[in-house]
Amino acid sequence: MSAEIESVLHENRVFDPPAAFATQANVRGMDAYRAMVAKAEADYEGYWGDLAREHLDWIKPFTRVLNWDHPPFARWFEDGLLNVAANCLDRHLTTWRKNKAAIVWEGEPGDTRTLTYQELHWETCRFANALKGLGVQTGDRVVIYMPMVPEAAIAMLACARIGATHSVVFGGFSAEALKDRILDAGARVVVTADGGWRRGAVVPLKDFVDEALTHCPDVRHAVVLKRTGHPVSMTDGRDLWWHDVVAGAPSRCEAVAVSPEHPLFILYTSGSTGKPKGVVHSSGGYLLGGIVTMQWVFDLKDTDTFWCTADIGWVTGHTYVVYGALAAGATSVMYEGAPTTPHAGRFWELVEKHKVTTFYTAPTAIRALNKLGDEWPAKYDLSSLRLLGTVGEPINPEAWMWYHKVIGGGTCPIVDTWWQTETGSHLISPLPGATPIKPGSATLAVPGIFADVVNDQGKSLGPDQGGYLVITKPWPSMIRTVHGDPERYKQNYWGHFGGRYYFAGDGARKDKDGYFWIMGRVDDVINVAGHRLGTMEIESALVSHGKVAEAAVVGFPDDIKGEGIFAFVILHRGVTGDDALVKVLRDHVAHEIGAIARPDRIRFTEGLPKTRSGKIMRRLLRDIAAGRDTQGDISTLEDQKTLESLRED
Ligand code: 7RM
């Protein structure tokens, strides 16, 4: 790693928490926030130990909070025993919440289902018994490859109930990607469906499973949920229908007591090299991170209808559709389909229909929905909303302002939550009743998390100096290891600053108020004539021009400057990209940031290559900008066609 990253973005707007929000918030005002931080600073283990006793149900209480004797392998609450499914379900059954809606589900075709905590408990127990009947034992791995239907959550919770470790593979992944993950996880049971609905068509999940399983000799069973009725082939002895395996299965099933360090799940992320990494999460610490952030960041109340739009194949779906949401007793909305099927107002229609109070989505979705025009949200009553959130990438201030004004009616705070698959839950985010918000900043660390921006020597940097975002203490919901490769875990995340800090891979700066501004992945930094520029800031400058809907910026080899700046630009509907506009946009960036950031080349495009969770795959754009063949793993790519059309012209 080399010197600092220059930060060139300027954003001065500040939004205080609305008084009406602050007075009812779970964390009220900055003094309350600071008191929590002070407590965590004074007695780190005492702070987290108290929270773990308060928010988790223990089968056997722990006596030791943190074992950090063998860094970077942390063990939290290690001598306790608990069960995650019992913490998500059983704990509510002795309260009025037993008949509260746990999951409010909507299928893409418009079919709906609501499961109370009691019903979700029955279904989970039945499926847990079914898994046991198939020979699944505590410690075994189960791969879940399903559409966004309640049974996906039921399958996850059923694994948790019997202490099996699940690995959810996003339902949009190919047979090839599925195969790699089944093999790496060493799963012997796969849970899937005959298909799922996406953009009006059936995603033939079972066909992909069949293809994957030709290379997975250790898989004994595939359990298949009938969702679409689309014909599938069932292999005798191996494949079983979900409805058959649960038929007659008892609706009680003992929740197995496991160590809080027991691996709850493995979730694969595509590392920058292409080989997928199996991020391993714990049970106790992971769940604690999810619960406390539901309370603090999402300000959860029993009157809320909470909708996190993420697929359960992504960590955001794990923590904020399923585990954190349910353990905190939320009503969690789950939607199967695409945001624009059958029409561009589908999300807003669902907000109105289910009276959603808290809406959490990704900037990529916000920009896409913004681009479709204000007439869509205008058709629906969005007045039930009280809090908005974003996650996945930095949100450019223009998209933020649209979200705030058009979706939030100017009254909802926006929590811009920075976190990762590896962090398990939010680490940097506003607390909506406390933190004054600056559009585009994830603001401050969650109380109990210690974050900093450092240079390549690990030295803490001053205000507005760009550097590396690090977490300086282990935290309960952190990644425990990379499945089957502890050395990779050690090197990748703790190898950069002599083992002292967790390095997130992101560039960032802190402003004079200590607010964090995430500048994107350091792998994406461009070196122009010795200046290291974060791509995100140039993208943000482009999108601040009224004609631009979205932009992706990468470097390409330049003999003189080292790297030149190549911008891929998506224009708003009805705008045509011509040479005059290229000039206007180049000048606009120079004006916003400075001549050093003026793009050398601008190319107008209809789409960008993105991962399924909406992140731009700049690695592929770099290849295109350099005129090279694209290399490496593209199993996480959302839409192959976009890449092909970029290659063609
Ligand atoms: C939850 C999730 C992690 C990476 C992370 C960042 C980027 C996520 C924000 C963000 C700026 C945010 N998990 N990122 N949230 N950047 N502001 N609020 O996204 O493992 O898929 O990605 O996403 O680069 O390192 S993830």
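Only a predicted model underlies this, so the values are computations on that prediction, with no experimental measurement involved. Atoms within a ligand are numbered from 1 in the order they appear, just like the ligands themselves.
If you look at Trp400 and Phe15, their ring centroids are closer than 6.0 Å.
Results of the side chain to side chain donor-acceptor pair (under 3.5 Å) test with Tyr502 over Gln420, His496, Lys473 single out Gln420 as the only residue that passes. With Thr357 as the partner, the side chain to side chain donor-acceptor pair (under 3.5 Å) test is satisfied by one option alone out of Asp304, Thr331, Asp299: Asp304.
Within 6.0 Å of NZ in Lys615 there are more than 12 heavy atoms belonging to other residues, nucleotides or ligands.
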Next item on the list: Apply side-chain hydrogen bond (donor to acceptor under 3.5 Å, both in side chains) to Ser425 and Thr293, showing your working.
Entry: CA-CA 7 Å; Ser425 52; Thr293 50; 4.7 Å; no
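Only the backbone of Glu393 comes within contact range of ligand 1, with a heavy atom under 4.0 Å; no side-chain atom does.
Within the 4.0 Å heavy-atom cutoff, Val391 counts among the residues contacting ligand 1. For Lys615, the closest heavy-atom approach to ligand 1 falls below 4.0 Å.
Aromatic ring pairs are classed by plane angle as parallel below 30°, tilted from 30° to 60° and perpendicular above 60°; the pair Tyr360 and Phe306 is tilted. The aromatic rings of Tyr320 and Phe298 lie perpendicular to each other, with more than 60° between the two planes, well past the 30° mark.
For atom 11 (C) of ligand 1, the closest non-hydrogen atom on the protein side is Pro394 N, 3.1 Å. Here the protein heavy atom with the shortest distance to atom 3 (C) of ligand 1 is Trp419 O, 3.5 Å. The nearest protein atom to atom 7 (C) of ligand 1, hydrogens excluded, is given as Gly392 O, 3.2 Å; this is a heavy-atom distance. The protein heavy atom nearest to atom 6 (C) of ligand 1 is Asp506 OD2, 2.9 Å. Of all protein heavy atoms, the one closest to atom 18 (N) of ligand 1 is Asp416 OD1, 2.6 Å.
Residues Thr472 and Asp452 bring no donor and acceptor atom of their side chains to less than 3.5 Å of each other.
In the vicinity of Thr316, heavy-atom distances shorter than 4.0 Å reach the ligand 1 atoms 1 (C). When each atom of ligand 1 is checked for a heavy atom of Thr421 under 4.0 Å away, the hits are 13 (N), 20 (O), 21 (O), 26 (S).
At least one N/O-N/O distance between Thr417 and ligand 1 falls below 3.5 Å.
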